[in-house]
Number of protein chains: 2
Amino acid sequence: MTAAGPEPSDPGRTDARLSPEADRVRSELVTRLLRLDERSDSLVSVIAEWIARGIIEGRLQPGHDLNSVDLAERFGTSRTPVREALMLLEKEGLVETPPRRRPQVSTLDLRVVEEVYQLRAELLALVALRVAERARPEQLAQLREDLAAMEDAAARRDLDAYFWANVAFHERAAHVADDLTLKRTLDSLGARVLQLRHFSLSLPGRMELSLEDHRRLVRAYEEGDGPLAAALSRSIINAALQAIRESGWTKGSVDRRDDASQPPAVTESSK
Amino acid sequence: MTAAGPEPSDPGRTDARLSPEADRVRSELVTRLLRLDERSDSLVSVIAEWIARGIIEGRLQPGHDLNSVDLAERFGTSRTPVREALMLLEKEGLVETPPRRRPQVSTLDLRVVEEVYQLRAELLALVALRVAERARPEQLAQLREDLAAMEDAAARRDLDAYFWANVAFHERAAHVADDLTLKRTLDSLGARVLQLRHFSLSLPGRMELSLEDHRRLVRAYEEGDGPLAAALSRSIINAALQAIRESGWTKGSVDRRDDASQPPAVTESSK
DNA sequence: CCCCATGTTAGTGTCGACACTGTGCGTCGG
DNA sequence: CCGACGCACAGTGTCGACACTAACATGGGG
């Protein structure tokens, strides 16, 4: 409540048992997903990324209060960069800011979830089509690598690792499709439901099915079978959506790990 | 240069010969396209909308300097709301803000234009599909009304009026499709190239062709022929894109009317 | 004459302050 | 005992100020 002062240097920022390397990779993924790299000012980026990860990883639940003064204190900055970060996240749909009220973590209702998933299905189909038709050999190799990471994580039954590997895989595919607009649109949609994507993978059997689908997808890429790849992509998304539907998902039932661990103070860092 | 004070009340804000009613309607369209209504604070909205319209209507050319202190002076506010407005527009792709440099009006290069148009073609096809399949009679009537406005404008050879009527038509269709996510995605993409959409309609013969296509599209809607409506939508966009390509469009060749007329001072208004 | 260093200036990013508004609580009247 | 009213607090939106940086102009050296 008082002035933050020098924060405890590295308070198990996310999962205690997470290699710094993996943590860094995930940060970068989030950063790219939110296009934070374009904006140079590190303050805003750091703050936005921290909040975004909090939301995605379930540390910050839908409806959670995000008042700028608290956050500013936490980060040891003024409210200005915090407000910018919140605006940014609002545009991405992660945060809602009612008129003169406190910003809060967006509440996903099933309806928009369905919309987002369906739209993502279409867009991913477009991506798949292009990847299958235009991917160069070394790009296919990269995709195989990403798939390998997924295999690896699945073998270890490491949900988090699998989840992020999956995100990276799609990120790669979108990149290979070589259409920045499409990629950004997809990233933006995807970011909104990242939390749910994580959740859906946690449902029993989903990880295995997902892995299988992605294996097949890569094969379709390698065979240059665009229509198949597109159909598979649609199916992957639809399966995830169906799983969510059947799980009786509501905004409350997402996995919660509610240590609201301390964010990194940016006072001296990031120079 | 000095404090703004009470600005000359209504300095031919856009086109001198434009009914206040039409002006208001266009403002509202822009506002909705940019989802400014969600954000209540009128300062930011007013500023963002003014800049956006400036860009769309060609008053502010790509590359045009948008430094916050000038704008703040113009609007008689501090820089804070201006900066917010600029951030907002940056997210919409209308403005670019290099790290520590001045923000400027985004430069469209042909590549992203192609990407945006192609993506829009796909999304509009989705919209068309749903409209054709699900539109209720009174919604069809509304679409017919919007089409009538286009007919009317075309008959008067009023490019601006036709352009905005067209925007309104698509807005309506997206609304009827009843998919908020899709609509927003489409709006966001559309906003980026509004300037170009205007330009492409100004090319010889384009307005007539566009009108014809839209007439046919509405008929497809009425006949409930989804696939046809989708195909027509794609065609409409592709034709526009093709026209732009053939016009040898480059960032310079957009129609310019470079009176940088005074924005409305918001000092006392908007209470 | 051109190129590089230096000083100047304009503009950004950030801060702390202030007024206004929404929220929750206590109080008062029924 | 319950509900309306009003008050105090919390938090937002906005402002003006400040340090720092990029761009530009100026002058000196090659």
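Numbers restart at 1 for each chain; the letters A, B, ... are given by sequence-line order, proteins then strands. Note that the structure is predicted; figures quoted are calculated from it, not measured. Side chains are part of it too, since the values below use all heavy atoms of this structure and drop only hydrogens, waters and symmetry mates.
In this structure, B/Arg59 is positioned above the aromatic face of B/Trp50, its NZ or CZ under 6.0 Å from the six-membered ring centre and within 45° of the axis.
Taking atom CD of residue B/Glu96 and atom P of nucleotide C/dT12, one finds them 15 Å apart after rounding to whole Å. Rounded to an integer number of Å, the gap from A/Asp70 CG to D/dT12 C1' is 13 Å. One interatomic measurement links the two molecules: CG of A/Asn67 to P of C/dG22, which rounds to 17 Å at whole-angstrom precision. Rounded to an integer number of Å, the gap from CG of A/Leu86 to P of D/dG11 is 14 Å.
Of the charged side-chain nitrogens involved, at least one lies within less than 4.0 Å of a carboxylate oxygen, so that A/Glu92 and B/Lys91 count as a salt-bridged pair. Taking a cutoff of 4.0 Å between a charged side-chain nitrogen and a carboxylate oxygen, B/Glu28 and B/Arg32 do not qualify as a salt bridge.
Regarding contacts with the backbone of D/dG11, every side-chain N or O of A/Ser68 stays at 4.0 angstrom or more from both OP1 and OP2.
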Side-chain donor-acceptor distances from residues 108-115 of chain B under 3.5 Å, at least two apart:
residue  : atom : partner  : partner atom : Å
B/Arg111 : NE   : B/Glu115 : OE2          : 3.3
B/Arg111 : NH2  : A/Asp178 : O            : 3.0
B/Arg111 : NH2  : A/Asp178 : OD1          : 3.1
B/Arg111 : NH2  : A/Asp178 : OD2          : 3.2
B/Glu114 : OE1  : B/Arg245 : NE           : 3.4
B/Glu114 : OE1  : B/Arg245 : NH2          : 3.0
B/Glu114 : OE2  : B/Arg245 : NE           : 2.6
B/Glu115 : OE1  : A/Leu180 : N            : 3.2
B/Glu115 : OE1  : A/Thr181 : N            : 2.9
B/Glu115 : OE1  : A/Thr181 : OG1          : 2.7
B/Glu115 : OE2  : A/Leu180 : N            : 3.3

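In this structure, A/Thr31 contributes its side chain and A/Ser27 its backbone to a donor-acceptor pair below 3.5 Å. A distance-only check finds no donor-acceptor pair linking the side chain of B/Gln195 to the backbone of B/Gly58 [under 3.5 Å]. In terms of modelled atom types and a separation under 3.5 Å, the side chain of B/Ser106 and the main chain of B/Gly93 share a donor-acceptor contact.
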Quiz prompt | Worked verdict on B/Arg53 versus B/Asp23 for salt bridge (Lys or Arg N to Asp or Glu O under 4.0 Å) | solution = CA-CA 11 Å; B/Arg53 270 193 83 174; B/Asp23 188 74; 3.2 Å; yes
Distances under 3.5 Å between protein N/O atoms and the N/O atoms of nucleotides 14-17 of chain D, please, pair by pair.
residue : atom : partner : partner atom : Å
D/dC15  : OP2  : B/Ser78 : N            : 2.7
D/dC15  : OP2  : B/Ser78 : OG           : 3.0

Between the protein and nucleotides 23-25 of chain C, are there any N/O to N/O pairs under 3.5 Å, and if so, what are the atom names and distances?
residue : atom : partner  : partner atom : Å
C/dT23  : OP1  : A/Arg101 : NE           : 2.7

